[in-house]
Amino acid sequence: TMNKLQSRNSLWFDDAYVQPQDGTFTSAPMQLSYSRLQSMATAYAMDDGTYFTPTEKTNLRNDIVNAMDWMYANWYNTSLIPLNELPTFANPYPFPDGLAWYDMTISIPTIISSILTLMGNEFTSTQVDNYTSAILYYNTDLEYAGTRGNTLMLGGNLAEKCLLFALVGALRHDETYLLEARDKSSTLFTYAVPYPNPKDTTSGDGGFYTDGSYIQHVGLPYLGNYGYVLVNSITKMLTLISGTPWEVRDPNVVNMANW
């Protein structure tokens, strides 16, 4: 049950948010809250009057919008964590779970973008700008985990970031992000170069190979994970920008038909 008390410290009673300064912060409760809001937004967008009365649907809409505002005001925003302390793959502080860089730069931003897309005009332009500004705060560079110079995004992670930037560009009506998503996705459409040595991380690439396999993290078969994520994210991005001035023009995109 959603916690709707004015004095609430979390959106659900089983969530457990902890301030970064406490040294035990984990991004998982935030990710869970946004996932639940995404489920609510999906129900709202898909309902044709079969499941909700007009009053119930209005109440659902208000609960989602109010919850998104609360999350922005209290948690996922541009002030929770100083820019020089943002989590990265190599340095997850102040997040001891080690996965916060992914939650804060990819998972939560993608969920927020999905909620905004599903709800359409139910959010004001100011709200959209606020939420997407928080996304961009944690994503100053599409190609990296967080800021430039941190872990380089490859394969499935790069595909997720391309989709995210395309969504943000559409939501903000800013072609800068759409063009960046389109252009940076080109590396994903070419076949990977085999590693000369499985332990050599300086040459060769992760990605799809001509035999249909998918390799990432230096020699590990990841077709059911990163391979799936790559195809799933890129097909969504291609669908989003197809027929627009920002559609992919890279001729290598036809390689996807063989994956």
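A distance-only check finds no donor-acceptor pair linking the side chain of N139 to the backbone of D141 [under 3.5 Å]. When atom types are taken as modelled, the side chain of N74 and the backbone of W70 share a donor-acceptor pair closer than 3.5 angstrom. Side-chain atoms of N77 do not come within 3.5 Å of backbone N or O of A134 as any donor-acceptor pair. Of the possible donor and acceptor atoms, none in the side chain of K57 sits under 3.5 Å from a partner among the backbone N and O of F52. Using a distance-only test at 3.5 Å, with no hydrogens or angles considered, no donor-acceptor pair links the side chain of R182 to the main chain of V248. Put simply, the side chain of E56 gets close to the backbone of T53: a donor and an acceptor are under 3.5 Å apart. Distance alone, capped at 3.5 Å, is enough to place a donor-acceptor pair between the N66 side chain and the N62 backbone. Judged by distance alone, the side chain of T235 and the main-chain N or O of N232 form a donor-acceptor pair under 3.5 Å. The backbone N or O of T110 lies less than 3.5 Å from a partner atom in the side chain of S114, making a donor-acceptor pair. No donor-acceptor pair under 3.5 Å is formed between the side chain of Q127 and the backbone N or O of F123.
To the nearest 0.5 Å, the span separating CD1 on I106 from CG on N157 amounts to 4.5 Å. To the nearest 0.5 Å, atom OG1 of residue T187 and atom CG of residue L154 are 8.0 Å apart. To the nearest 0.5 angstrom, M256 atom CE is 7.0 Å from L230 atom CG. One distance of note links CD1 of I112 with CE of M68; it measures 5.5 Å at 0.5 Å rounding. Distance check, rounded to the nearest 0.5 Å: CE of M237 to NZ of K161 gives 14.0 Å. Here the CG atom belonging to L188 is positioned 11.5 Å from the CG atom belonging to N255, to the nearest 0.5 angstrom.
Geometrically, K184 does not engage F165 in a cation-pi contact defined by less than 6.0 Å to the ring centre and at most 45° from the axis.
Smallest separation of non-hydrogen atoms from G156 and Q216: N-OE1, 3.5 Å. Here the shortest heavy-atom pairing between T78 and S133 reads CG2-O, 3.9 Å. Of all non-hydrogen atoms in S113 and L164, the two that sit nearest each other are OG-CD1, 3.6 Å. Scanning both residues, A181 and C162, for their nearest heavy atoms gives CB-O, 3.2 Å. The shortest heavy-atom contact between L118 and A45 is O-CB, 3.5 Å. Of all non-hydrogen atoms in Y76 and P109, the two that sit nearest each other are OH-CG, 3.2 Å.
Criterion: ILVMFWY side-chain heavy atoms under 4.5 Å apart, direct or through other members. Under it, L179 and V168 are part of a common hydrophobic cluster. Cluster annotation: L171 is connected to L136 through the hydrophobic network of ILVMFWY side chains, with a link wherever side-chain heavy atoms come within less than 4.5 Å. Put simply, V229 and Y191 are part of two different groups of oily side chains (I, L, V, M, F, W, Y) that touch within less than 4.5 Å, one to the next. Linking ILVMFWY residues whenever their side-chain heavy atoms come closer than 4.5 Å, directly or via other members, leaves M40 and L32 in distinct clusters. M71 and F13 end up in different hydrophobic clusters when Ile, Leu, Val, Met, Phe, Trp and Tyr side chains are linked at under 4.5 Å.
The side chain to side chain contact (heavy atoms under 4.5 Å, CB included) test with L11 is passed by exactly one of N3, L37, D63: L37.
Looking at heavy atoms from C-beta onward, D250 lies out of side-chain contact with D183 at the 4.5 angstrom threshold. Proximity of I234 to L163: side-chain heavy atoms (C-beta onward) are nowhere separated by under 4.5 Å.
Donor-acceptor pairing under 3.5 Å is recorded for the side chains of E122 and Y44. Neither side chain, T190 nor N252, offers a donor N or O lying under 3.5 Å from an acceptor on the other. At a cut-off of 3.5 Å, with distance as the only test, a side-chain donor of D69 or Y131 sits close to an acceptor on the other residue. Using modelled atom types, one finds a donor on one side chain and an acceptor on the other under 3.5 Å when comparing E160 with Y102.
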Kindly determine whether I135 and T105 satisfy side chain to side chain contact (heavy atoms under 4.5 Å, CB included), including the steps that lead there.
CA-CA 7 Å; I135 290 172; T105 63; over 6 Å; no
Would you sort out whether I215 and L220 count as a side chain to side chain contact (heavy atoms under 4.5 Å, CB included), showing the intermediate values?
CA-CA 5 Å; I215 305 297; L220 297 178; 5.6 Å; no
Between F208 and S213, does a side chain to side chain contact (heavy atoms under 4.5 Å, CB included) hold up when you go through it step by step?
CA-CA 6 Å; F208 277 96; S213 62; over 6 Å; no
Working for side chain to side chain contact (heavy atoms under 4.5 Å, CB included), residues E143 and M153
CA-CA 5 Å; E143 289 186 288; M153 296 286 93; 5.5 Å; no
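More than 12 heavy atoms of other residues, nucleotides or ligands shown are found within 6.0 angstrom of CG on N258. At most 12 heavy atoms of other shown residues, nucleotides or ligands fall within 6.0 angstrom of atom NZ in K236.
Annotation: side chain to side chain donor-acceptor pair (under 3.5 Å) contacts of Y222 (sequence neighbours excluded): none. Contacts of S107 classified as side chain to side chain donor-acceptor pair (under 3.5 Å), with partners at least two apart in sequence or in another chain: Q31. Under the rule for a side chain to side chain donor-acceptor pair (under 3.5 Å), the partners of D174 that lie at least two apart in sequence or sit in another chain are T176.
Using a 4.0 Å cut-off between charged nitrogen and carboxylate oxygen, R36 and D14 count as a salt-bridge pair.
Taking the centre of each ring, Y228 and Y214 stay at or above the 6.0 Å mark.
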